[in-house]
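See structure below.
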Amino acid sequence: MNSRVLHIAVNTFREAVRDRVLYNLIAFALLMSAAAVLVGMISINIERLVVVHLGLTAISFFGTVIAIFIGIGLVSKEIEKRTLYTVLSRPVRRWEFIAGKFCGLTGTLVVNTFFMAIGVFLALAYVSHHLNSFDFAVLVAVYFIVLQFLIITALALFFSSFSSPLLSAIFAFALFVIGSFAEDLRGFAGMTHGIARWLATGAAYLVPNLSALNIVNQAGHGQGVGAGLILFNSAYALVYTLAVVSAAVVVFERRNLK
Amino acid sequence: MHAIEILGLEKTYRVGFWRKRPKQALRPLFLTVEEGQIFGFLGPNGAGKTTTLKLLMGLVFPSAGTARILGMELDDRRMKAQIGFLPEQPYFYDHLTARELLRYFGQLSGVEARQLGRRVDRVLERVGLQEAGGVELRKFSKGMLQRVGIAQAILHEPRVVFLDEPMSGLDPMGRFEVRSLIEELKSEGKTVFFSTHILSDAEALCDRVAVLHLGELRGVAAVEELAAGMQAKVEIVWQGNSVPAAVQALGIDCRTAGDTMRAVLPEEHQDFVLEALIREHLRVISLTPVRMSLEDYFVAQLGEPVSTGKGDSAFGQPLRSIPEPASDSEPVGRARL
Ligand SMILES: Nc1ncnc2c1ncn2[C@@H]1O[C@H](COP(=O)(O)OP(=O)(O)OP(=O)(O)O)[C@@H](O)[C@H]1O
Ligand SMILES: [Mg+2]
């Protein structure tokens, strides 16, 4: 990585940590331990299912909230507070700033998710007394959730490069919700006719396909995940993220700072 | 080579939410600054000083025109490594300490890792913040932030330093320190371009000044010329509540403050008024020259809008003919190309 991008990323990470973003881990830890203990007491052979579902949903929820709420401020806050002036008057290109901000926040999310994943596996080990090869699917599910974070962060960053934090939050959250039903949307689009079909299909493929990145159910039931899906999803998330971040750069390159 | 060469920079903002009206913040500006000079950029509030600096820093984009710094285009990375910028009312990352912030900025400016620590310590000392290096910036006062702002502008030893109102928010000691710092920069061969609306700061420091008003350049000159055009005033305070008839006849505004009288008058009437007071056996308490700020000056002389062209005769006209002291080969009267 380019050294300026790296320095900006490190600073973004440091800011998130000092703003106590990682404190959500405490809430997560409490949640997981409570769940593990409770499920362990009931014990009707669905402990594993409950822990995986709850754990992955919580990982996704906490991460999405962080991605949106920090993502929307990445650029707009620096413009608003004018901290950007002294950065951009240095030999830093605007795209380097955007790239650094993006890497910093996704780095934060990866670290955050890493600790949460450890929590999920600890809880799993506690309720089923050992880990087995099925649990590999849980790992893949966590990986897919991280891919979701990439996309959501990119979208939040994109919106924040031209609109206010509030609007950015609304847009990003709306796309997150719609994207979670992307597959259904594609199904609906197939049912319409004529020009509507073209429009609907276009829209359905434009929104991020977050539902394909959600394999919580398979993971819960211990089903295996094919290498093909892993590869395809990785490529999809990467291309989508890159496109959105590039769009953010294009917008930001032309922008007059307040 | 010119340190700064502004070739017709112009900025029109669109203001208003619904129907956007154009607002011309900067009319086409032509200006050159020689290397090694301290150059003052003067003008009342809203004159377009900050707009010019933001254009030069590439923070906003010009509606027309270009500029070069050290002979390079505004988006040239090599040029950006050689300039420093203090924004107006600077604000920095809350979560960092002063030392961390300076390290970060040093890295972004490409200061070598080996030198970084030493540079940061030195520059903190230079702006009088050696004690506060480890304090988080959210706990900094306004003047301390201003000092950090100056520190980050000179940290990487730039050849040209741009300062937007460097004295604002500083206590008297701080102002004095910043003045000497700017002089030091000059003695190191650096070019300093700073905006201000305080004439005394410009008087104390600048080789040359440019005056901007309502987005238009009104003239470029050495400071003495600027000060010479201004009518000096004095303030006289005396004991008692009576005003001599002779003084009253001058139409001077006298005010009571406790059991003293206070009058501000043009310097040329000073002796006359003093004699009148002595003749009436009134005890003079003080006689002080009044420093006019640039705002007073503008109110007095540049009050009219630019478009009428009347305002020019008071000020712009004589200035344009003043030759540049440093080098006579350079055209000076570029204000109105
Ligand atoms: N983002 C903006 N949108 C619209 N108008 C602007 C914008 N920024 C500045 N202006 C206008 O441009 C003019 C010049 O402003 P500028 O900030 O350059 O003045 P200044 O000389 O720095 O004044 P001050 O001494 O108060 O700092 C002002 O009339 C201001 O209202
Ligand atoms: Mg200003």
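A quick note: this is a predicted structure, and the numbers were derived from the prediction, not measured. Just so we're on the same page: letters track the sequence lines, and every chain starts at 1.
- Note that CD1 of A:I8 and OH of B:Y104 are 4.5 Å apart. Values are rounded to the nearest 0.5 Å.
- Contacts with chain A were tallied for B:R78, B:Q89, B:Q152; B:Q152 has the most, counting heavy-atom pairs under 4.5 Å.
- The structure places CG of B:L137 at 11.5 Å from OG1 of A:T83, a figure rounded to the nearest 0.5 Å.
- Open room surrounds CD1 on A:I195; 12 or fewer heavy atoms of other groups in view lie less than 6.0 Å from it.
- Summarising the geometry, atom CG belonging to B:D75 is positioned 11.0 Å from atom CZ belonging to A:R94; distances are rounded to the nearest 0.5 Å.
- A:R254 contributes no side-chain N or O that, together with a main-chain N or O of B:F61, makes up a donor-acceptor pair within less than 3.5 Å.
- With a 6.0 Å radius and a threshold of 12 heavy atoms from other residues, nucleotides or ligands, A:F69 has its CZ atom at or below the threshold.
- Taking B:D94, B:I83, B:L96 one by one and counting their heavy-atom pairs under 4.5 Å with chain A, the maximum is reached by B:L96.
- We find the CG-CG distance between A:L84 and B:L59 to be 7.5 Å, quoted to the nearest 0.5 Å.
- Of the listed residues (A:N11, A:L257, A:V92), the one with the most heavy-atom contacts under 4.5 Å to chain B is A:N11.
- A:R82 places no side-chain N or O within 3.5 Å of a backbone atom of B:F92 that could act as its donor or acceptor partner.
- For B:L56, no part sits under 4.5 Å from any heavy atom of chain A, backbone or side chain.
- With chain A as the partner, the residue from B:E100, B:M79, B:Q82 showing the most heavy-atom pairs under 4.5 Å is B:E100.
- At a cut-off of 3.5 Å, with distance as the only test, a side-chain donor of A:Y85 or B:K54 sits close to an acceptor on the other residue.
- Distance check: A:R4 CZ to B:Q107 CD gives 12.0 Å after rounding to the nearest 0.5 Å.
- Considering CG of A:L88 and CE of B:M57, their distance stands at 11.5 Å, rounded to 0.5 Å.
- Looking at A:R255, only its backbone comes within 4.5 Å of chain B, counting heavy atoms on both sides.
- Residues A:T86 and B:P87 form a side-chain contact, since some pair of their non-hydrogen atoms from C-beta on lies under 4.5 Å apart.
- Just one residue in the list A:E78, A:E15, A:R14, A:K81 forms a side chain to side chain donor-acceptor pair (under 3.5 Å) with B:Y93, and that residue is A:E78.
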**Study point:** Steps toward side chain to side chain contact (heavy atoms under 4.5 Å, CB included) verdict (B:H95, A:V17)
**Key:** CA-CA 9 Å; B:H95 65 281; A:V17 171; over 6 Å; no
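- When heavy atoms are compared at a cutoff of 4.5 Å, B:E136 does not approach chain A at all.
- In B:Q130, the CD atom is crowded: over 12 heavy atoms of neighbouring residues, nucleotides or ligands sit closer than 6.0 Å.
- For A:F181, the CZ atom counts as loosely surrounded, since its 6.0 Å shell holds 12 or fewer non-hydrogen atoms of other residues, nucleotides or ligands.
- A donor-acceptor pair under 3.5 Å is absent between the side-chain atoms of B:R77 and the main chain of A:R90, judged by distance alone.
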